[in-house]
Amino acid sequence: MSSLERSRNAIPALRQIVSELRKSNGKLSRESREFKFLMNQMRTHQPTQRIFSKAPNEMEHLAQTYATYLHSTRMLAELQEKYSSGERSIEDSAKLVGLQLPEKK
Amino acid sequence: MKRILFNFVSIRSHSVYTKPKRFYKEVSVADEKDENGKLLYNVMLDKYKLKTQGGKFLKLESEPLALAIAQEWDSQKEHIHQSRMLLTGLAFTSIDNPLRLTKESITSQILEYLDTDSWLYFSTEPENLTKLQEKRWLPLIEWINQKHMLNLKPSYSIVDTPEISEESRKSLQRFLLSYNFMALNGFQYGVEAAKSVLLMLATTAFRISVDEAAELARLEQIYQAKIYGNVEWYHDIEHEALRSRIAASVLFVHLSSNLHTVQDLPRT
């Protein structure tokens with residue numbers, strides 16, 4: 001696989017990463033270190049550079065892995081928020097079994 | 001401010017009901033050179049360098065790992081949910097090493113797990129489930145056997161154990177020991193989350209994606225859910241939790257290992 005093909009394969013994953021970062025942080029500034037790092041990764045597989053790697057297409061797999069990590073972490077947080085809103089306060093739980101919390105002084 | 005950081009750092013295990021509040025505004029990564037001139041990366045919460053729970057400064061050799069950990073801290077909104085900061089947790093555990101593990105002890109724990117590897121135990125019924133496991137797991141077992149020169153054979157009954165030869169064990173032991181200590185911590189985390197060494201071998205080698213790995217780990221549950229119905233608050237949460245743990249594990253293994261260098265070709 002040529003280096004140009006490799007970098008093309010990484011672009012969907014890198015796009016997903018940028019999208020996830022925007023969703024999680026509200027913004028992704030072009031000046032931020034993450035943004036610069038990601039752009040650098042997109043540029044890295046240029047014909048003028050050779051990557052010595054045990055797995056030559058590691059970069060796009062890693063990018064996809066990170067995109068999956070960001071996505072699943074966000075999904076998990078959303079699901080947990082959605083299903084935890086039913087939690088009763090300690091007061092209500094006590095009322096359920098006929099007890100009353102002592103007055104706080 | 002320093003006191004707040006110390007208080008947070010000294011909270012070893014907080015209950016589910018008390019979550020520390022986000023006490024920092026800006027998160028960033030700052031680099032520094034150690035005494036040998038090597039570049040190390042710190043995660044900064046406002047002006048303060050992030051410390052592990054054991055009180056050590058978190059100095060990382062990998063810039064992408066530092067960025068990813070910084071991102072975990074920056075994505076916390078009002079409260080800090082440590083359960084959603086898996087890379088941070090792995091980094092803290094590796095550096096503090098509270099259980100005093102070594103490369104050898106982690107490796108032998110992983111090899112012990114092989115005896116109960118879920119991919120080496122095929123169901124005998126229902127027949128459709130067995131067929132599904134054979135279709136999805138067997139080719140990967142074959143791939144792993146070829147790649148690592150093993151001869152692992154799954155078991156089809158609870159009574160019989162799978163075939164794991166001594167040579168297979170030694171071969172895998174050599175492979176695992178070639179990882180550094182931090183990477184092994186990551187690998188073990190994935191093994192325990194997915195209940196399979198073979199899954200981690202296939203995923204860290206990028207033979208399968210994390211998404212596919214999570215599906216294969218939950219093959220039976222997904223099969224049952226198709227028949228009996230899916231309960232979102234249970235099944236989906238379980239699936240996303242597994243996805244994030246496998247992804248974190250694979251990331252941590254790779255970002256902790258120096259697997260490649262980039263070299264500019266000479267201009268002609």
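Residue numbers begin at 1 in each chain, while the letters A, B, ... track the order of the sequences.
Atom NZ of B:Lys170 sits in a sparse spot, with 12 or fewer heavy atoms from other residues, nucleotides or ligands closer than 6.0 Å. Remark: A:Phe37 CZ is packed, more than 12 non-hydrogen atoms of other residues, nucleotides or ligands lying under 6.0 Å away.
Test A:Gln64, A:Glu58, A:Glu60 against B:Phe206 for side-chain contact (heavy atoms from CB on, under 4.5 Å) and you get one pass: A:Glu58.
Between the CG atom of B:Leu251 and the OH atom of A:Tyr69 there is a distance of 8.0 Å, given to the nearest 0.5 Å. The CG atom of B:Leu67 sits 7.5 Å away from the OH atom of A:Tyr66 when rounded to the nearest 0.5 Å. To the nearest 0.5 angstrom, B:Gln71 atom CD is 4.5 Å from A:Ser24 atom OG. One distance of note links OG1 of A:Thr68 with CD1 of B:Ile246; it measures 10.5 Å at 0.5 Å rounding. Here the CD-CG distance, from B:Glu238 to A:Leu79, works out to 12.5 Å after rounding to the nearest 0.5 Å. Expressed to the nearest 0.5 Å, how far CG of A:Leu76 lies from OG of B:Ser83 amounts to 7.5 Å.
For B:Ser75, the parts sitting under 4.5 Å from any heavy atom of chain A are the backbone and the side chain alike. Neither the backbone nor the side chain of B:Leu242 comes within less than 4.5 Å of any heavy atom in chain A. Residue A:Glu34 touches chain B through both its backbone and its side chain, counting heavy-atom pairs closer than 4.5 Å.
One finds a salt bridge joining B:Asp31 and A:Arg33 here, because a Lys/Arg side-chain nitrogen approaches an Asp/Glu carboxylate oxygen to under 4.0 Å. Ion pairing between B:Arg84 and A:Glu78 fails under the 4.0 Å rule for side-chain N and carboxylate O.
When each of B:Pro64, B:Ala68, B:Ala214 is checked for heavy-atom pairs under 4.5 Å with chain A, B:Pro64 comes out on top. Considering only heavy-atom pairs separated by less than 4.5 Å from chain A, the leading option among B:Glu240, B:His81, B:Glu72 is B:Glu240.
Annotation for B:Ser244 and A:Thr73: closest pair CB-OG1, 4.0 Å, computed over non-hydrogen atoms.
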